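Working notes for the structure below.
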Amino acid sequence: MDLSLMNKEQRKAIETTEGPLLLVAGAGSGKTRVLTHRIAYLLGEKGVPSYNILAITFTNKAAGEMLSRVNSLIEEDAGHMWISTFHSMCVRILRRDINHLGYDNSFSILDPTDQQSVVKGILKKRNLDVKQHHPRKILNFISDKKNQLITAEEASKEAEGYLDGLYSEIYTDYQEILYRNSSLDFDDLIMLTIDLFDRNPDVLKYYQNRFQYVHVDEYQDTNHAQYQLVNMLTAKYRNICVVGDSDQSIYKFRGADITNILNFEDDYPEAVTIKLEQNYRSTKTILDAANAVINNNSERKPKELRTERDGGAKIKTILADSERAEGQEVVRNIRDLSRKYAYSDIAVLYRANSQSRAIEDALVKSSIPYKMIGGMKFYQRMEIKDLMSYLKVIQNPHDDISFTRIINTPKRGIGAKTVDKLTAYGGIHGISIFEAINDADFIGIPKGAVTTLMSLLDKLKNLKEKSKYMSVTELVDETLYDTGYLDALEKENTLESRSRIENLDEFKTVTREFDNEREINDELLFEFLSEMALVSDQDGVEANAGVTLMTMHASKGLEFKVVFIVGLEEGIFPSQRVMYDDDELEEERRLMYVGITRAEDQLILSRADSRMIYGKYESNLQSRFLQEIPDELIDGEVIDINTPFSRPKQQAKSTVRQKSRVMTNNSGVSFKVGDKVTHKKFGDGIISNIKGDGDSKELDIVFTSEGPKRLLANFAPIEKKE
DNA sequence: TCGGTTATCATTTTT
DNA sequence: TGATAACCGA
């Protein structure tokens with residue numbers, strides 16, 4: 001194999017095939033290239049059989065890309081190699097052997113919406129207020145526990161305090177419901193695989209012997225459960241190669257544990273560590289900015305990216321009046337750039353999906369093609385979820401979660417009362433709703449409803465038969481037709497219903513693609529559903545024309561010639577919630593680092609003086625991350641603000657400034673962001689933000705001794721200093 | 001049971 | 001502001 005184009009470190013990484021290897025791979029350092037070549041080297045030069053190789057990536061897209069790149073490097077067939085995400089790997093393992101744990105092998109996989117409805121159901125049953133106990137919070141709790149490999153039983157035992165105890169009980173209920181529905185959530189996939197290995201050493205041994213060479217990409221984003229799983233798999237041969245960059249760890253909120261990568265050398269004392277610091281992506285200007293920003297993090301191993309692309313265009317900044325103006329300004333710049341670059345070379349990145357609207361609006365008005373990743377996701381649209389629920393019920397009739405979704409969709413006169421009765425009856429007798437319908441006559445369900453239900457049951461049974469010899473696409477057509485779903489939409493004949501029909505058609509391009517790849521067999525539907533449950537939005541990033549809009553999280557692993565980062569304001573990015581927590585702020589800064597390092601040629605940073613949030617205007621100071629970039633890297637006038645909370649210098653655009661200078665009734669004083677104030681109780685502080693107006697006007701004040709507080713401007717006992 | 005209206009509440013980030 | 005849950009009247 002020709003490794004002459006590799007640098008010294010890369011070559012060493014490829015050739016170090018035995019024993020544990022830690023690859024510290026900075027952004028743009030060609031780690032995918034190294035990984036693919038390493039696998040090809042194992043196959044070609046070392047003669048390792050392809051079935052002995054496992055590579056785990058973060059997204060399906062990354063997996064697909066890696067597979068095709070490996071294939072282009074080697075002659076022989078790499079067909080038996082596993083290159084997949086943690087989750088699809090676990091589905092594959094569990095599908096074979098989960099019956100050892102008492103689950104049905106044809107389990108379904110819950111998506112987040114399904115999880116929510118399960119939790120909501122539990123809350124309702126326990127007469128708990130959804131507003132007091134947010135399902136999302138509870139699901140976070142459950143997910144945290146599962147990532148720590150703590151079972152419901154253990155959680156209940158260890159629980160301290162009321163909330164902990166309650167949530168643990170809900171966790172128990174939740175797990176029971178999932179078990180009864182033979183459903184697993186994302187975290188179960190990992191946790192139960194470990195459980196399977198624990199209880200069945202033979203199964204573990206099989207996979208240990210099979211995967212003698214294990215690779216894990218984005219190792220900094222693994223959580224404890226994933227860490228455990230990898231360690232189990234590699235315990236015998238210890239040929240484990242992990243790749244990661246602690247500076248790009250941005251998923252702590254989801255349980256990612258950065259110490260997994262930081263402690264790798266302790267876990268494997270014989271490990272070889274190789275640092276890839278040569279960047280092949282960005283200009284020096286961009287890298288200097290990235291390095292300058294990330295250097296403000298105290299909790300990091302020193303590392304400095306180098307590039308041979310000297311100089312490059314300076315970083316441009318945009319200061320707009322409002323988020324609307326920001327969108328227009330971004331689009332104006334995109335138009336200018338489009339003389340030199342294709343639209344697909346350009347990306348606009350933001351902190352939160354809600355920021356996309358202003359950009360989208362401006363793009364639509366200029367008829368510039370664009371594609372948005374995330375946001376209102378295709379697979380979360382009602383019609384797609386409905387169809388998926390039908391398919392899930394056809395595949396697994398005991399899936400009550402999906403069945404309750406479609407039992408009255410389209411409307412067929414089955415109301416909440418009927419569903420309640422069926423659920424209650426099913427609960428008592430330990431049977432699913434599907435089975436409970438057979439006894440519908442005896443449980444006080446109106447005759448009309450019984451007839452409808454029986455006919456629905458018939459249709460579903462028929463479809464299940466059909467699923468055994470039909471392609472998924474054909475089955476989708478049959479389902480939409482037989483159940484009257486399509487008919488109902490056609491009758492509605494509104495703009496919306498027509499767009500729903502279009503989306504369903506669009507869905508069929510997905511099924512067609514799936515069908516083309518395989519032969520018809522009676523497991524087809526199951527395979528399809530398993531695969532679908534694990535696709536992410538990132539997987540939808542295609543190389544077709546158009547500007548790409550997405551969050552910085554979604555941008556990890558991608559690169560663009562030109563990158564815009566918008567909304568660089570305190571309270572937006574860094575987000576309000578993390579601004580005063582050092583750890584979280586560092587994670588936020590890493591996110592900025594990820595954003596900056598996506599850019600190859602040109603970086604454009606933008607912010608708005610004031611923007612609409614919850615229907616109110618708010619103005620924020622410029623982001624501290626902007627200030628962390630050295631002035632000499634920035635093109636044009638630099639807005640000089642020395643500390644995050646000092647007062648911005650007057651700009652030429654004074655009309656805008658006025659918006660943030662809100663008058664208050666408080667002794668006739670006007671407060672503005674950056675003002676120093678004294679509070680009777682809290683002492684000295686600085687105003688960091690102003691929200692609302694009139695009586696509900698609020699001041700965010702950071703007090704020297706008390707930290708951040710939010711106070712009502714008209715009523716708080718504060719005085720302006722100086 | 002259903003459709004329309006009003007009230008209320010919230011924004012990170014996602015395999 | 002915009003989504004959605006609760007509510008109400010037919």
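A quick note: this is a predicted structure, and the numbers were derived from the prediction, not measured. A, B, ... follow the sequence lines: proteins, then strands. Residue 1 opens every chain.
In this entry the distance linking CG of Leu585(A) with P of dT13(B) reads 18 Å, nearest Å. Atom CG in Asp144(A) sits roughly 18 Å away from atom P in dT15(B) (whole-Å rounding). We find that CZ of Arg589(A) is positioned 18 Å from C1' of dT13(B), with the value rounded to whole Å. In this entry the distance linking CE of Met89(A) with C1' of dT15(B) reads 13 Å, nearest Å. The OH atom of Tyr614(A) sits 5 Å away from the C1' atom of dA10(B) (whole-angstrom rounding). In this structure, Asn140(A) atom CG and dT13(B) atom C1' are separated by 12 Å, rounded to whole Å. Atoms NZ (Lys137(A)) and P (dA10(B)) sit 10 Å apart, rounded to a whole Å. Atom-to-atom, NE2 of His87(A) to P of dT15(B) comes out at 9 Å; the value is rounded to the nearest Å.
Under the salt bridge (charged side-chain N to carboxylate O under 4.0 Å, His left out) criterion, Lys31(A) pairs with Asp217(A), Glu218(A), not counting sequence neighbours. Among residues two or more places apart in sequence or in another chain, the side chain to side chain donor-acceptor pair (under 3.5 Å) test is passed with Asp400(A) by none. Applying the side chain to side chain donor-acceptor pair (under 3.5 Å) test to Thr597(A) and every residue at least two apart in sequence or in another chain returns nothing. With sequence neighbours excluded, no residue forms a side chain to side chain donor-acceptor pair (under 3.5 Å) with Asp361(A). Listed by chain and residue number, nothing satisfies the salt bridge (charged side-chain N to carboxylate O under 4.0 Å, His left out) test with Glu513(A) (two or more places apart in sequence, or in another chain). Among residues two or more places apart in sequence or in another chain, the salt bridge (charged side-chain N to carboxylate O under 4.0 Å, His left out) test is passed with Glu587(A) by Arg590(A).
Screening residues 443-456 of chain A for side-chain hydrogen bond (donor to acceptor under 3.5 Å, both in side chains), with sequence neighbours left out, gives no hits.
Below 30°, between 30° and 60°, or above 60°: for His553(A) and Tyr251(A) the angle between ring planes is between 30° and 60°, a tilted geometry. A tilted orientation is assigned to the rings of Phe197(A) and Tyr207(A), their planes being inclined by 30° to 60°.
Of the candidates dT15(B), dT14(B), dT11(B), dT15(B) carries the atom nearest the Phe186(A) side chain, counting heavy atoms from C-beta on.
Seen from the ring of Tyr167(A), Lys145(A) does not count as a face-on cation partner, given the 6.0 Å and 45° thresholds.
For Asn353(A) and dT11(B), the shortest distance from a side-chain N or O to OP1 or OP2 is not below 4.0 Å.
Residue contacts shown for Lys252(A) are absent, as no nucleic acid heavy atom lies under 4.0 Å away. In this structure, Arg357(A) reaches the sugar-phosphate backbone alone: every heavy-atom distance under 4.0 Å involves primed, P, OP1 or OP2 atoms, never a base.
When DNA chain C is scanned 5' to 3' for any atom under 4.0 Å from a heavy atom of chain A, the first and last hits are dT1(C) to dA5(C).
Closest-nucleotide positions on DNA chain B for Arg136(A) and Thr551(A) were compared, and the one nearer the 5' end corresponds to Arg136(A).
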Nucleotides 1-9 of chain B: protein proximity per nucleotide (B base, S sugar-phosphate only, - neither; heavy atom, under 4.0 Å): SSS-----S
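The ring of Phe58(A) does not lie on top of the base of dT15(B); it is either too far (5.5 Å or more) or too tilted (30° or more).
Between the side chain of His553(A) and the base of dT14(B) there is no donor-acceptor pair of N/O atoms closer than 3.5 Å.
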